[in-house]
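Just so it is clear: chains get the letters A, B, ... in the order the sequence lines come, proteins before strands, and each one is counted from 1. Treat the numbers as computed from the prediction; the structure is a model and nothing was measured. Reckoned from all heavy atoms, side chains included, excluding hydrogens, waters and symmetry mates.
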Amino acid sequence: MAEPLGDWTRTHTCGALRADDVGVESVLLGWVHRIRDLGGVTFIDIRDREGVTQVVVRENEALMNAAKRLRSEHVVGVKGVVQRRSDDTVNTKLATGEVELLVRELRTLNEARTPPFQIAEDSPVSEEVRLKYRYLDLRRPRLQYNIGLRHRVTMAVRRFFDANGFWEIETPILAKSTPEGARDFLVPSRIHPGEFYALPQSPQIFKQILMISGMDRYFQIVRCFRDEDQRADRQLEFTQIDVEMSFARPDTVYGVIEPLMQQIFKEIGRDVTVPIRRMPYAEAIARYGSDKPDLRFGLAIADVSDVFRDADYRVFKEIVAGGGVVRGFAVPGGNRYTGSQIKALVDQAKQMGLAGLMWVRPGEPPVSAVKGLNEATLQRALAQADARRDDLLVMAAGAADGTSKLLGQLRLVIAKKENLVPADSYALLWVTEFPLLEYHEEDGRWYSMHHPFTSPLDEDLDRLESDPGSVRAKAYDLVLNGSEIGGGSIRIHDARLQARLFRRLGISDEEARVRFGFFLEALEYGTPPHGGIALGVDRIVATLAGESSIREVIAFPKTANALDLMAGAPSPVDARQLRELHLKPQG
RNA sequence: GGGGUCGUAGUUCAGUUGGCUAGAACGCCGGCCUGUCACGCCGGAGGCCGCGGGUUCGAGUCCCGUCGACCCCGCCA
C-alpha cells in the first residue's frame, strides 16, 4: 500500500553518506535494491541514480513487519540516523560502505510489480525484453552509466563551444525535402494539401546560411533523420554535434575539433594527443583498404606488384602487366599456422570475394602456396611487406582499389580473430582529401561523395570537367577505432562555382533553382568562406562506453526493424487524421 | 530487397538419432535465521516449447509459412 511522502525532504542521495556524516539524521528516498532478511535484523539496500546505501531495521517490531512487506523495486523513504559500521562489516565495494542508516521511520511510497528481469545487476537479458521494458532497463547500472556519460559528453561539448565563441542556434525540424542523399522522412502539410515537409538529414543548408547571416561560429547538438535501414551504429534518428565556422580552412576545423576531442575524452579520463594523425584518403584505401582505417593495430597493406612484375608466376605477372596490383600484409604469428588453419584463412578470403589468396611463410627457404616461385622472389616479397620471421604473408592480386578493399576487410577479420585489437585503446585519425565525386554506373552520372556544397581542392579545380574522378575535395572524416565519428568539409562560397558543380552533377539550372534556389540566391549576397563538420554523438559515446551498438547509449532506441517496442511506434492512425492531412491509404 | 544466427518457466539457458510425465540456475511465493551485503538453510508454485499449417503411431526436436530480436550485404549525398 502506497503511503504519502508527507513533509519529508530528501537530505542525502543514496550515494552521499560518508563516515563524516555519522550521527546525522538523514532522509533517503529511493528504490529497494536488495533485501537481506536475517530474522532479527533486516538490511535493505536503497538505490537512486547516485548510488546505494544500506539501511538497517532492527528491534522495532512495527518496523520489522513493515520491512517484511517490502519487495524489490518498491519505492521507499527512510528516516534514521547515520551510524558507522564496525570495521569487520565495512563494505569496500560501496562508496557509502563505511556507514549505514539505522531506520527509525519507514514509508512505502509506492509498490512495484515483480520486474521481468533483475534490476540490481546487469544479468543477461534479451534485447527484445530490455527494449519493451526500457524504463526498467534504464534503471540498471549499464544504462545508468551510459546515459550519464552521454550527458557529461554533451555538457562538455556545450562548455567547449561556448568558451570558444560558438553560438548554439536551433534550425527547423520541419524542413524542405532534398532528394539527393538518404531517403527523407516526410511530414504532410495540413494547410497545403499534397505538400510535405521533410525532417532534416542534417541542418546542412541552414548552417551554411547562418554563416551568410554573419553568425560566424555555430554549433548545435541536433537530431537528424534518415529513412534508411538500421545497423548497430545507425538509427532512424540520431544526434549530431553540428559545427560551422566562417573563414575556415581545413586546419581551422581541425584546430577546433582536436581540443574538443580532448575535452570529450577527459570524461573517461583519457588523454588525446594532438595534432591527431592525418592520412589522405588515397593512402587509407591503399594501406588499409578502408576510408575509416582502424589504427589500433598494424597489418598495414603493402604493394608488392614490383616483385611479381617479372616473376615466374604467370597469374600475378599478367595482372600487373594489365595495370593491376599485387598487395598483401603480414599476419603476426601466422608462421605457426597449420595447413588447415591456412586453408581456413584462404577460404575466408574467397568467401569475402577475393579471387584467391596467396601466402608465403618466412624461413630458410621460405615456403609458398605457389610452386615454381624462386626463393629470391619470395624473399623480396617478404621484405617489401616487412614480414617478420614468425609472420605469414598473405597476398592478393587484381584492380588496385578493389584488392585493397577486400584485403582491408580480411585485415579486420584476422585482427579480431587473432585478438590483435588492444582492449581499452583509442586511435583517432583524420582522413583527408576525399574525392569530390564518385561515378555511379547504374545511371551513368557523377554524384557528390560528401554533398554537393563541398569545395574542391583549389589545385584540382581545373580538372572538374576533364577528369572529374581525380578531383579531390576539402573534405575530411574523423575516425575513431575504425568507426566514422564525424565528417565535414570546406564549402563552396562562390555562387558561380556552386552552379558549375551542379552542372557537373547533371543537375540542370532549372532543377537547381527548384531545389536550392533560395540557397543559391543567398550565396550571392556576400558569403564568407566557411566550412565545418558534424560529429556523431551516438557513435562517440558508444565507443567511449565500450559499447558496440549505439542503442546502448540512446535512452529510447528503435529496433533493427525500426520499431519502438516500448511505445509501439509506428502505429495506424485515425481515418480522420488522414483526411485532415489529405492522405488516402493506398490500395 | 537479400543472406545468416536465434525464439523452450518471469529471466538466462539445457533438452542426443523424433519416444517428454519438458529440466537447471537466477528470480518469485512461504517458513527459519541478530551483522548481512550476489546473505544462508528448508519447502513450494510456475510452461500454448513465438504463432499457423504439414509429415509421423508419436514433434520442443523434421518440413513449409508467418511474426519478432540481433548481425551482415545492398542502402546510409
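Nearest to the side-chain atoms of A:R231 among the listed nucleotides B:rU36, B:rC73, B:rA69 stands B:rC73. In this structure, of B:rC76, B:rC37, B:rG10, it is B:rC37 that holds the atom nearest to the side chain of A:D45. Nearest nucleotide to the side chain of A:E100, out of B:rU11, B:rU36, B:rG68: B:rU36. When the nucleotides B:rU36, B:rG27, B:rC71 are ranked by their closest atom to the side chain of A:L38, B:rU36 comes out on top. Residue A:N561 places its side chain closer to B:rA69 than to any other of B:rU11, B:rA69, B:rC71. Distances were taken from every side-chain heavy atom of A:E128 (C-beta onward) to each of B:rG68, B:rG10, B:rC72; the shortest belongs to B:rG68. Ranking B:rC76, B:rA69, B:rC75 by closeness to the A:R226 side chain, first place goes to B:rC76. Relative to the side chain of A:E121, the nucleotides B:rC33, B:rA38, B:rC75 differ in distance, and B:rA38 lies closest. Comparing B:rU12, B:rG27, B:rA69 by their nearest atom to the side chain of A:S126 picks out B:rU12. Minimum atom distance to the side chain of A:D229 is reached by B:rG74, of the listed B:rU11, B:rC28, B:rG74.
Ring geometry, A:F453 versus A:H451: the interplanar angle falls from 30° to 60°, so the pair is classed tilted.
Side-chain N/O atoms of A:S123 include none lying less than 4.0 angstrom from OP1 or OP2 on B:rU11. When the side-chain nitrogen and oxygen atoms of A:S72 are compared with OP1 and OP2 of B:rG27, none of them lie within a distance under 4.0 Å. Under 4.0 angstrom from either OP1 or OP2 of B:rG30 there lies no side-chain N or O belonging to A:K68. At the phosphate of B:rG30, OP1 or OP2 sits under 4.0 Å from a side-chain N or O atom of A:R71. OP1 or OP2 of B:rC71 has not a single side-chain nitrogen or oxygen of A:R234 nearer than 4.0 Å. In this model, the phosphate group of B:rU36 is not approached by any side-chain N or O of A:N91 to a distance below 4.0 Å at OP1 or OP2. Neither OP1 nor OP2 of B:rG40 sits under 4.0 Å from any side-chain N or O of A:R36.
Put simply, the residue from A:Q220, A:Q208, A:Q204, A:R491 that forms a side chain to side chain donor-acceptor pair (under 3.5 Å) with A:E244 is A:R491.
A:E73 comes within 4.0 angstrom of no nucleic acid atom, judged by non-hydrogen atoms across all strands. Base engagement by A:T89 is indicated by at least one non-hydrogen atom pair under 4.0 Å involving a base atom. Residue-level contact check: A:D88 touches neither bases nor backbone, having no heavy atom under 4.0 Å from any strand. In this structure, A:P124 reaches the sugar-phosphate backbone alone: every heavy-atom distance under 4.0 Å involves primed, P, OP1 or OP2 atoms, never a base. Note on A:F43: a base of the nucleic acid sits closer than 4.0 angstrom, heavy atoms only. Counting any heavy atom pair closer than 4.0 Å across all strands shown, A:R551 reaches sugar-phosphate atoms only and no base atom.
The separation between A:E61 atom CD and B:rU34 atom P is 14 Å, rounded to whole Å. Atom NZ in A:K132 sits roughly 15 Å away from atom P in B:rC70 (whole-Å rounding). A:D137 has its CG atom 14 Å from the P atom of B:rU11, to the nearest Å. A:D37 places its CG atom 10 Å from the P atom of B:rU34, with the value rounded to the nearest Å. Distance, A:Y133 OH to B:rU11 C1': 11 Å, rounded to whole Å. If you take CD of A:E441 and C1' of B:rG74, they are 16 Å apart, rounded to a whole angstrom. Between A:M64 atom CE and B:rU36 atom C1' there is a gap of 13 Å when expressed in whole angstrom units. Following rounding to the nearest Å, A:L94 (CG) and B:rA38 (C1') show an atom-to-atom distance of 12 Å.
Comparing the P positions of B:rU61 and B:rG50 gives an interatomic distance of 8 Å, to the nearest angstrom. Comparing the same atom, P, in B:rC26 and in B:rA38 gives a spacing of 15 Å after rounding to whole Å. B:rG58 and B:rC20 have their C1' atoms separated by 11 Å, with the value rounded to a whole Å. Taking atom C1' in both B:rG65 and B:rC28, the straight-line distance is 37 Å, to the nearest Å. A distance of about 11 Å separates the C1' atoms of B:rA14 and B:rA22, rounded to the whole Å.
Side-chain atoms of A:F556 and A:L138, non-hydrogen and from C-beta on, do get closer than 4.5 Å to each other.
Residue-nucleotide stacking is not present for A:F117 and B:rU11, judged by a side-chain ring centre under 5.5 Å from the six-membered base ring centre and planes under 30° apart.
Between the side chain of A:Q54 and the base of B:rU36, a donor-acceptor pair under 3.5 Å is found. Taking only distance into account, the side chain of A:R85 meets the base of B:rU36 through a donor-acceptor pair shorter than 3.5 Å.
The 12-atom threshold is not exceeded at CZ of A:R104, counting heavy atoms of other residues, nucleotides or ligands nearer than 6.0 Å.
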For a quick test of your reading: what N or O donor-acceptor pairs under 3.5 Å do the side chains of residues 64-71 of chain A make, sequence neighbours left out?
| unit_1 | atom_1 | unit_2 | atom_2 | d |
| --- | --- | --- | --- | --- |
| A:N65 | ND2 | A:E61 | O | 3.4 |
| A:K68 | NZ | A:D37 | OD2 | 3.0 |
| A:R71 | NH1 | A:K68 | O | 2.9 |

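The shortest heavy-atom contact between A:P456 and A:K474 is O-CE, 3.5 Å. Taking all atoms of both residues into account, the shortest heavy-atom contact from A:L406 to A:G353 is CD1-O, 3.6 Å.
A residue-by-residue look at A:R183 and A:D233 shows that A:D233 has its nearest nucleotide of RNA chain B further toward the 5' end. Where A:E127 and A:R539 each meet RNA chain B at their nearest nucleotide, the meeting point lying more 5' is that of A:E127.
Stacking of A:R183 on the aromatic ring of A:F185 is not recorded, the 6.0 Å distance cut-off and the 45° axial limit not both being met.
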